[in-house]
Amino acid sequence: MVEAFTLDSDGFTCSRVCEEPEVWRVKLAMARTFLPSVNVHVVLDAGEALIVDAGTCDDFNDTRLMRALVRLGVDPARTTVFCTHSHNDHTGLARELADTGARLVMSKRSLVDLRTFSSYGCRDFLAARLAAEGSDAQLARELVCSQWERRADFTLDGVAVSTVEPGDRVRCGRWSFEVVATPGHTPGHCALVLPGRRMAFTGDALLFACSSFICFWPEVKDSLGDQMATLRRFADMGLEQVFLGHGEQAGDYGERALVNLAHHERRSARALEAIRREQGRTGRELVCDLGWRAIGAGGLDTVSLNTRWFICAESLAHLDHLVELGLIERRADEQGVNRYFPA
């Protein structure tokens, strides 16, 4: 029985990662991030297929993925593609899969996220928020545009997508996966859970390779608070076998959730301590006090735009969290720049 096969000369592979249900992991290339690859998982049963997440676009990923699906004998007419969330490294090949005849599914909130995040309004919101925290306006726009992509919304091309709600089921042959809300990384992020097997596909809700990125989003008061609630839920679920959006499970999932929760609590504590130590600083000025390893001796301005975006966005998520907890206050100065004070 074949357990793995290569997809190209660069070493990207498709490998069996579970026997019952039968699950294969397709590793695809990543771009614009420090993570080397993104996972697409394929569940096979009774001639049906469930593809969890649709990878990211690059010049060769569509060929890699299609080669894997052909080798696995996937029938597009009997295939469902479920996207755990709306980021383009998990929806990037959705239109290509839809073109083959596969059915696309995501949570209703994730579809809202997909359309919102790729809109010009969201781009402008993100840049305006960075500028309001003390960043140069032009630099703020460059930071956002290092990630923002209008064409990430595949529905702009008329691609149809069905929506589900938390508690609904997504089936593949004998298997019925429950849609579980896991907000934080994005507002609409959802996992697929097979309760009787203590198994789940969890996208980017919790990773072992790094801490999942948390941002500030339009109409979301506390993304970090949402993520921390998701981590607590994972700690209590008793999941044993988990398939991730990036990398592989490397230990107990519940324990990893608690470790990541403590990591966020420490970073928020650093922010609170910095504000109490020196009141009235801007969000931009506080970033370097949150303990980011990527910021070296040269300071934040020497970090690449891509990495700087992740650092600044998540730092603001921590400040939003402290504001929501009532531990700090945000006040705009005469220039409209936010400054932070102990509550």
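We use all heavy atoms of the structure for the numbers below, so side chains are in, but hydrogens, waters and symmetry mates are not.
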Legend entry - Under 3.5 Å donor-acceptor, Glu285 side chain and Thr282 backbone: yes

Legend entry - Smallest separation among heavy atoms of Cys172 and Val43, with atom names: SG-O, 3.6 Å

Inset, instruction - Working to the nearest 0.5 Å, report the span between CG of Leu319 and CD1 of Ile275. - result: 5.5 Å

Inset, instruction - Could you state whether Phe216 and Leu305 fall into the same hydrophobic cluster, counting links through intermediate Ile, Leu, Val, Met, Phe, Trp or Tyr residues with side-chain heavy atoms under 4.5 angstrom apart? - result: yes

Inset, instruction - Test the Arg95-Phe154 pair against the cation-pi criterion, namely NZ or CZ under 6.0 angstrom from the six-membered ring centroid and within 45° of the ring axis. - result: no

Legend entry - Inter-residue atom distance Leu224.CG - Glu314.CD, 0.5 Å rounding: 7.0 Å

Inset, instruction - List the steps and the verdict of ring-ring contact (aromatic ring centres under 6.0 Å, His included) for Phe177 and Phe82. - result: CA-CA 11 Å; Phe177 296 87; Phe82 180 83; 9.5 Å; no

Legend entry - Residues Trp148, Tyr120; criterion ring-ring contact (aromatic ring centres under 6.0 Å, His included); working and verdict: CA-CA 9 Å; Trp148 180 85; Tyr120 295 113; 5.5 Å; yes

Inset, instruction - State whether Lys27 and Asp10 are salt-bridged, where the test is any N-O pair (Lys NZ or Arg NE/NH1/NH2 against Asp/Glu carboxylate O) under 4.0 Å. - result: no

Inset, instruction - Fit a plane to each ring of His41 and Phe243, take the angle between them on a 0 to 90° scale, and name the class: parallel (under 30°), tilted (30 to 60°) or perpendicular (over 60°). - result: tilted

Inset, instruction - Indicate the ring-plane relationship of Tyr253 and Phe234, choosing parallel, tilted or perpendicular according to the 30° and 60° boundaries. - result: perpendicular

Inset, instruction - Check whether Val112 and Phe125 end up in the same hydrophobic cluster, where Ile, Leu, Val, Met, Phe, Trp and Tyr are linked by side-chain heavy atoms less than 4.5 Å apart. - result: no

Legend entry - Trace of the side-chain hydrogen bond (donor to acceptor under 3.5 Å, both in side chains) decision for Thr307 with Ser304: CA-CA 5 Å; Thr307 301; Ser304 70; 3.2 Å; yes

Inset, instruction - State plainly whether one hydrophobic cluster holds both Leu65 and Val74, where clusters connect Ile, Leu, Val, Met, Phe, Trp and Tyr through side-chain heavy atoms under 4.5 angstrom apart. - result: yes

Inset, instruction - State, without any angle test, whether Ser211 and Asn260 hold a side-chain donor-acceptor pair at a distance under 3.5 Å. - result: yes

Legend entry - Ring centres under 6.0 angstrom apart (His189, His87): no

Inset, instruction - Report yes or no: does Gln249 contribute a side-chain atom to a donor-acceptor pair with the main-chain N or O of Gly251 at less than 3.5 Å? - result: yes

Legend entry - Atom of Trp24, atom of Glu3 and distance for their closest heavy-atom approach: CZ3-O, 3.7 Å

Inset, instruction - Mark yes when over 12 heavy atoms from residues, nucleotides or ligands other than Phe208 sit less than 6.0 Å from its CZ; otherwise mark no. - result: yes

Legend entry - Ser118 side chain to Leu114 backbone, donor-acceptor under 3.5 Å: yes

Legend entry - Main-chain N/O of Gly247 paired with Arg25 side-chain donor or acceptor, under 3.5 Å: no

Inset, instruction - Examine Arg331 relative to Tyr340 and say whether NZ or CZ is less than 6.0 Å from the centre of the six-membered ring and inside a 45° cone about the ring axis. - result: no

Inset, instruction - Kindly say whether Thr84 contributes a backbone atom to a donor-acceptor pair with the side chain of Asp53 at under 3.5 angstrom? - result: yes

Inset, instruction - Take Asp113 and Arg109 through the test salt bridge (Lys or Arg N to Asp or Glu O under 4.0 Å) and record every step on the way to the result. - result: CA-CA 6 Å; Asp113 293 347; Arg109 180 55 199 259; 3.0 Å; yes

Legend entry - Donor-acceptor under 3.5 Å (Ser110 side chain, Gly188 main chain): yes

Inset, instruction - Report yes or no: does Ser107 contribute a side-chain atom to a donor-acceptor pair with the main-chain N or O of Val164 at less than 3.5 Å? - result: no

Inset, instruction - Determine, for Asp289 against Arg270, whether the closest basic-nitrogen to carboxylate-oxygen distance falls under 4.0 angstrom. - result: no

Inset, instruction - Over all heavy atoms of both residues, which pair between Ala140 and Ala127 is shortest? Give the atoms and the distance, please. - result: CB-O, 3.5 Å

Inset, instruction - Classify the ring geometry between His318 and His264 as parallel (under 30°), tilted (30 to 60°) or perpendicular (over 60°). - result: tilted

Legend entry - Side-chain donor or acceptor of Ser268 paired with backbone N/O of Glu265 under 3.5 Å: no

Legend entry - Main-chain N/O of Ala205 paired to Thr202 side chain as donor or acceptor, under 3.5 Å: no

Inset, instruction - State whether Asp301 and Arg284 are salt-bridged, where the test is any N-O pair (Lys NZ or Arg NE/NH1/NH2 against Asp/Glu carboxylate O) under 4.0 Å. - result: yes

Inset, instruction - Spell out, as yes or no, whether a donor-acceptor pair under 3.5 Å connects the side chain of Asp136 to the backbone of Leu139. - result: yes

Inset, instruction - Verify whether the ring centers belonging to Phe117 and Trp217 lie closer than 6.0 Å. - result: yes

Legend entry - Side-chain ion pair, Asp252 and Arg256, N-O less than 4.0 Å: no

Legend entry - salt bridge (Lys or Arg N to Asp or Glu O under 4.0 Å): pairs with one or both residues in residues 164-176, sequence neighbours excluded: Glu20-Arg174, Asp45-Arg174, Lys108-Glu165

Inset, instruction - Assess the side chains of Asp226 and His185: does a donor N or O sit below 3.5 Å from an acceptor N or O? - result: no

Inset, instruction - Determine the minimum heavy-atom distance between Trp309 and Ser146, stating which atoms define it. - result: CB-OG, 4.0 Å

